[in-house]
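For reference, positions follow the sequence shown, starting with 1.
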Amino acid sequence: MPRPREFDEDRVVLAIRDEFWDKGYAATSMDDLLRVSGLGKGSLYGAFGDKRSLFLRVLRDYDDANLRMLRERLASAERGIDVVREFVLGPAGDPTGAAARRGCLLANTNAELAVSTPDVAAEARRTYEGVTAVLAAALERAQREGDLDPGVDAGTVAGTVLATQLGIVALGRTGMDPGTLGATARSALARLLPAAP
């Protein structure tokens with residue numbers, strides 16, 4: 001009978017996620033992961049496998065949590081249009097700029113690894129398809145609620161909203177002034193979301 005794990009798996013996964021998020025995949029060593037997890041090599045490998053397996057696990061957990069939060073936000077939102085606006089403005093929401101400089105774990109990973117790592121590219125596609133579907137549902141709801149031109153193709157605009165948000169994330173990583181970043185996001189939204197006539 002296997003021995004029960006003697007560590008808090010959720011705490012370990014979050015610590016490892018943050019290390020990858022702050023440093024990137026290539027710059028994070030196994031020694032870094034052992035340090036932040038507090039585990040020995042045998043325990044870490046036994047619980048999670050090698051560095052690549054561990055990284056894919058934390059990336060999927062991160063993506064699933066963000067998709068779940070976006071769906072829950074749409075379910076609880078007073079208006080569908082609010083979800084879309086918050087999604088685009090979110091990366092510029094920290095007045096210190098620290099969150100923008102850190103970026104998004106998936107976007108950072110996609111930039112670092114998608115070309116060379118098919119598993120990462122597939123995970124990014126899966127997640128971005130899920131996000132686009134939620135955004136399309138929010139836009140369709142905005143049309144029903146009279147907040148968005150009914151002639152707009154919600155699916156196409158949802159993809160454009162995602163691309164815009166990823167652009168805001170990329171600009172935030174450069175250290176762009178938070179005020180400029182927010183103004184850019186608001187300008188993009190004004191063009192992406194024409195009001196109902």
Side-chain angles (χ1 to χ4, degrees), residues 2-77 83 86-135 162 165-166 168-175 178 181:
R3 289 174 48 197
R5 290 189 181 157
E6 297 174 357
F7 61 88
D8 180 340
E9 186 170 330
D10 291 338
R11 184 204 62 77
V12 167
V13 168
L14 287 176
I16 288 170
R17 179 205 67 188
D18 286 346
E19 191 72 4
F20 279 128
W21 195 348
D22 291 336
K23 290 186 171 182
Y25 179 78
T28 301
S29 68
M30 281 306 294
D31 285 343
D32 293 329
L33 299 178
L34 292 169
R35 176 181 47 78
V36 299
S37 70
L39 299 179
K41 191 177 285 189
S43 295
L44 188 66
Y45 279 108
F48 302 108
D50 62 9
K51 176 183 169 182
R52 184 167 179 267
S53 299
L54 179 52
F55 180 73
L56 290 171
R57 154 82 189 270
V58 299
L59 181 63
R60 181 169 277 262
D61 285 357
Y62 172 88
D63 293 340
D64 288 347
N66 282 326
L67 267 171
R68 189 169 47 255
M69 284 189 297
L70 189 59
R71 288 185 185 112
E72 289 169 359
R73 177 63 188 117
L74 178 57
S76 66
V83 176
E86 290 167 10
F87 180 77
V88 174
L89 292 170
D94 175 6
T96 70
R101 285 189 300 278
R102 190 179 199 206
C104 161
L105 177 60
L106 177 59
N108 300 351
T109 300
N110 200 32
E112 181 185 2
L113 297 175
V115 171
S116 62
T117 313
D119 289 348
V120 168
E123 174 61 16
R125 282 192 305 274
R126 177 192 77 89
T127 302
Y128 291 147
E129 285 168 7
V131 168
T132 302
V134 178
L135 292 171
L162 173 61
Q165 193 254 20
L166 290 172
I168 300 297
V169 168
L171 290 173
R173 291 277 288 164
T174 70
L181 196 62

The reported gap from CG in Asn66 to CZ in Arg73 (rounded to nearest 0.5 angstrom) is 15.0 Å
Just do the side chain to side chain contact (heavy atoms under 4.5 Å, CB included) check on Gln165 and Val169 with the steps written out, would you? CA-CA 6 Å; Gln165 193 254 20; Val169 168; 3.9 Å; yes
Minimal heavy-atom distance between Thr96 and Pro178, with the atoms involved, is C-CG, 4.2 Å
Between Asp18 and Arg102 (salt bridge meaning N to carboxylate O under 4.0 Å), is one present in this structure? yes
Closest non-hydrogen atoms of Pro91 and Leu181, given as atom of the first, atom of the second and distance, are O-CD2, 3.9 Å
| task | Take Tyr128 and Leu166, measure what side chain to side chain contact (heavy atoms under 4.5 Å, CB included) needs, and give me the verdict at the end. | result | CA-CA 10 Å; Tyr128 291 147; Leu166 290 172; 3.6 Å; yes
- Message: side chain to side chain contact (heavy atoms under 4.5 Å, CB included), that's the test. Do Phe20 and Asn108 meet it? Break it down for me.
- Response: CA-CA 10 Å; Phe20 279 128; Asn108 300 351; over 6 Å; no
d(Glu19 CD, Leu14 CG) to nearest 0.5 Å is 13.0 Å
Handout entry: Evaluation steps, side chain to side chain contact (heavy atoms under 4.5 Å, CB included), between Asp119 and Arg52
Key = CA-CA 10 Å; Asp119 289 348; Arg52 184 167 179 267; 2.6 Å; yes
Here the pair of heavy atoms bringing Tyr62 nearest to Leu106 is CE2-N, 3.6 Å
Hey, does Leu33 have a side-chain heavy atom less than 4.5 Å from the side chain of Phe48? no
Nearest heavy-atom approach of Val120 to Thr109 is CG1-CG2, 3.6 Å
Notebook entry, point to check: Thinking salt bridges, do Asp10 and Arg17 make one under a 4.0 Å N-O criterion?
Noted result: no
* **Backbone of Thr127 reached by a side-chain donor or acceptor of Asp63 within 3.5 Å** => no
message: Donor-acceptor check, side chain of Thr117 to backbone of Leu113, threshold 3.5 angstrom: yes or no?
response: yes
Arg101 side-chain N/O to Arg173 backbone N/O, donor-acceptor pair under 3.5 Å: no
**Asked** Okay, side chain of Ser37, backbone of Leu34: is any donor-acceptor separation there less than 3.5 Å?
**Response** yes
Counting only N and O atoms by type, is there a donor-acceptor contact under 3.5 Å from the side chain of Glu112 to the main-chain atoms of Ala26? yes
_A side-chain contact here means heavy atoms from C-beta on lying under 4.5 Å apart; do Glu123 and Arg60 qualify?_
yes
Cation-pi check, Lys51 to Tyr25: give yes when NZ or CZ is under 6.0 Å from the six-membered ring centre and within 45° of the ring axis, no otherwise. yes
So CG of Leu39 and CD of Glu9: to nearest 0.5 Å the spacing works out to 10.0 Å
Nearest heavy-atom approach of Trp21 to Leu105 is NE1-N, 3.5 Å
Would Asp32 and Lys23 count as a salt bridge (charged side-chain N to carboxylate O under 4.0 Å, His left out) here? Give the steps.
CA-CA 10 Å; Asp32 293 329; Lys23 290 186 171 182; 3.0 Å; yes
CG (Asp22) and OG1 (Thr28) are apart, to the nearest 0.5 Å, by 8.5 Å
Shortest non-hydrogen pair, Tyr45 vs Asp50, comes out as CE2-CA, 3.7 Å
- Salt-bridge contact Asp61-Arg57 (side-chain N to carboxylate O under 4.0 Å): yes
